[in-house]
Amino acid sequence: MTSLLQPPLLTRLLGAERILIAGAGGGFDVYAGLPLALALRAAGREVHLANFSFSSLHGLDLDVWAAPELARITPDVRSADRYFPERSLARWLRDHQLPDTVWAFPPTGVQPLRAAYRALVDLLGIDAILLVDGGTDILLRGDEAGLGTPEEDMTSLAAVAGLDEVPQRLVACLGFGIDAYHGVSHSLVLENLAALHRDGGYLGAFSIPADSPEAAHYLDAVAHARAECPEHPSIVHGSVAAALRGEFGDVRFTERIGSSALFINPLMTLYFGATVEALAARNLYLDRLEHTVLLGQVAAAIGRFQDSLPRQRPPRAFPH
């Protein structure tokens, strides 16, 4: 049963015992799950963190690999790659006396990624998976004029959608509005959420309280990640962090923004929740990704689908 006092996404997560929170889209996406991971651990749940990785994992030592396409990243893993969000997060976790393993999946297609997820589920006894997206492009169904950066998100969604043995499979997005940087129309995101709501797959929205310990830890972790790799700070989490601090408008927190205008605002601190099943059912091309092995095959399949559309849903302006 759900209640006004507890969002449905949290109700489902609190009903599980061993939860895997995994970044769906690569890069720093796993950081979007950190506030939830900390809150769930405080509530007595066993929580593990993982991420679809952009780092050079295949150069790591053999003892890092728990299974094909599944690497266990700890604070002291050796790598020549300075851009290593999973190791940065592991180091932050160690500094805060928290379990400091972050699991990493190399960029692959759906079939090897699903096998890696299944190996991790079996290894840890996982009974709930929460995919987290920094931004909201995982909520796009495929016929929108701008899809953001869909390849990694949709590979993760398709992989987890096939894990029928896991009782709870959920999605949470943090950073509403950020994907405008990649051409996403957020009016269409809201339209898609309304459709999920009609299907019973929308699990509500709630914000990270600015004065909560989870917010303080998140801000500290984002700052730590930036210090670890100052030449490549996360625009997504820099934006969410700025919103959590109460900043507004075109906040210039990194030179990576360039000439783009940002619109930092309180909506960026909201989590939007959905079920994997409902989101996968709404996607118009996910079945075309099912037998992919390489990430390039995913990109090609998405491109062919878009080319086959007689028309795309055009961007819509907010009416207010």
Whether [X] side chain and [Y] backbone form a donor-acceptor pair below 3.5 Å:
X: Asp143; Y: Gln312; result: no
X: Thr292; Y: Gly109; result: no
X: Asp179; Y: Val184; result: no
X: Asp137; Y: Gly148; result: no
X: Arg169; Y: Ala161; result: yes
X: Arg18; Y: Gly125; result: yes
X: Arg282; Y: Leu196; result: no

Is the closest side-chain heavy-atom distance between [X] and [Y] below 4.5 Å?
X: Ile302; Y: Leu289; value: yes
X: Leu20; Y: Val166; value: no
X: Leu193; Y: Leu139; value: yes
X: Phe84; Y: Glu228; value: no
X: Thr101; Y: His48; value: no
X: Phe248; Y: Ile264; value: no
X: Leu203; Y: Pro7; value: no
X: Ser187; Y: Pro315; value: no

Is the [atom1] atom of [X] crowded by more than 12 outside heavy atoms at less than 6.0 Å?
X: Arg256; atom1: CZ; result: yes
X: Arg91; atom1: CZ; result: yes
X: Arg78; atom1: CZ; result: no
X: His96; atom1: NE2; result: yes

Exercise. Taking only residues two or more places apart in sequence, or in another chain, which ones meet Tyr285 in a ring pair (Phe, Tyr, Trp, His ring centres under 6.0 Å)?
Worked result: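 Result, ring pair (Phe, Tyr, Trp, His ring centres under 6.0 Å) vs Tyr285: Phe305.
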For this session: For His186, enumerate each residue passing the ring pair (Phe, Tyr, Trp, His ring centres under 6.0 Å) test, keeping only those at least two apart in sequence or located in another chain.
Result: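 For His186 the ring pair (Phe, Tyr, Trp, His ring centres under 6.0 Å) partners, ignoring immediate neighbours, are Phe176.
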How long is the gap from [atom1] on [X] to [atom2] on [Y], to the nearest 0.5 Å?
X: Tyr83; Y: Ser53; atom1: OH; atom2: OG; value: 8.0 Å
X: Ser212; Y: Leu244; atom1: OG; atom2: CG; value: 7.5 Å
X: Ser207; Y: Met268; atom1: OG; atom2: CE; value: 14.5 Å
X: Leu130; Y: Arg12; atom1: CG; atom2: CZ; value: 12.0 Å
X: Leu10; Y: Leu36; atom1: CG; atom2: CG; value: 6.5 Å
X: Leu267; Y: Thr269; atom1: CG; atom2: OG1; value: 7.5 Å

For this session: Kindly determine whether Arg87 and Asp81 satisfy salt bridge (Lys or Arg N to Asp or Glu O under 4.0 Å), including the steps that lead there.
Result: CA-CA 10 Å; Arg87 187 177 62 185; Asp81 196 347; over 6 Å; no
So, for [X] and [Y], which heavy atoms are closest and what is the spacing to 0.1 Å?
X: Ala16; Y: Ala128; value: CB-CB, 3.6 Å
X: His224; Y: Asp95; value: NE2-OD2, 4.0 Å
X: Val293; Y: Pro112; value: O-CG, 3.4 Å
X: Ile138; Y: Leu279; value: O-CD2, 3.7 Å
X: Gly134; Y: Asp29; value: N-OD1, 3.1 Å
X: Gln6; Y: Leu14; value: OE1-CD1, 3.6 Å

Under 4.5 Å between side-chain heavy atoms, hopping through other hydrophobics if needed: is there a path connecting [X] to [Y]?
X: Ile73; Y: Trp92; value: no
X: Phe253; Y: Val236; value: yes
X: Val189; Y: Leu147; value: yes
X: Leu38; Y: Val240; value: yes
X: Leu123; Y: Ile129; value: yes

Problem set entry | Asn51/Leu89 under side chain to side chain contact (heavy atoms under 4.5 Å, CB included): CA gap, chis, key distance, verdict | CA-CA 11 Å; Asn51 201 41; Leu89 181 55; over 6 Å; no
For this session: Go through the steps to decide whether Leu13 and Ile19 satisfy the test side chain to side chain contact (heavy atoms under 4.5 Å, CB included), and finish with yes or no.
Result: CA-CA 8 Å; Leu13 288 170; Ile19 302 162; 4.1 Å; yes
For this session: Kindly state whether the ring of Phe52 and the ring of Tyr117 have centres lying under 6.0 angstrom apart.
Result: no
For this session: May I ask you to check whether Phe206 and Tyr271 place their ring centers less than 6.0 Å from one another?
Result: yes
For this session: Go through Leu295 and Thr155 one step at a time and tell me if the side chain to side chain contact (heavy atoms under 4.5 Å, CB included) criterion holds.
Result: CA-CA 8 Å; Leu295 192 60; Thr155 302; 3.6 Å; yes
For this session: Give a yes or no on whether a salt bridge exists between Glu290 and Arg114, defined as a side-chain N under 4.0 angstrom from a carboxylate O.
Result: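 Salt bridge flag = yes for Arg114 with Glu290.
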For this session: Decide yes or no on salt bridge (Lys or Arg N to Asp or Glu O under 4.0 Å) for Arg72 and Asp63, but give the supporting numbers first.
Result: CA-CA 9 Å; Arg72 179 175 180 169; Asp63 60 2; over 6 Å; no
For this session: May I have the step-by-step check of side chain to side chain contact (heavy atoms under 4.5 Å, CB included) for Glu86 and Phe105, ending in yes or no?
Result: CA-CA 10 Å; Glu86 297 82 17; Phe105 308 111; over 6 Å; no
Exercise. Given Thr108 and Glu69, is the side-chain hydrogen bond (donor to acceptor under 3.5 Å, both in side chains) satisfied, shown in steps?
Worked result: CA-CA 8 Å; Thr108 67; Glu69 315 302 342; 5.7 Å; no
For this session: Could you label the plane-to-plane angle of the Tyr31 and His237 rings as parallel, tilted or perpendicular, counting under 30° as parallel and over 60° as perpendicular?
Result: tilted
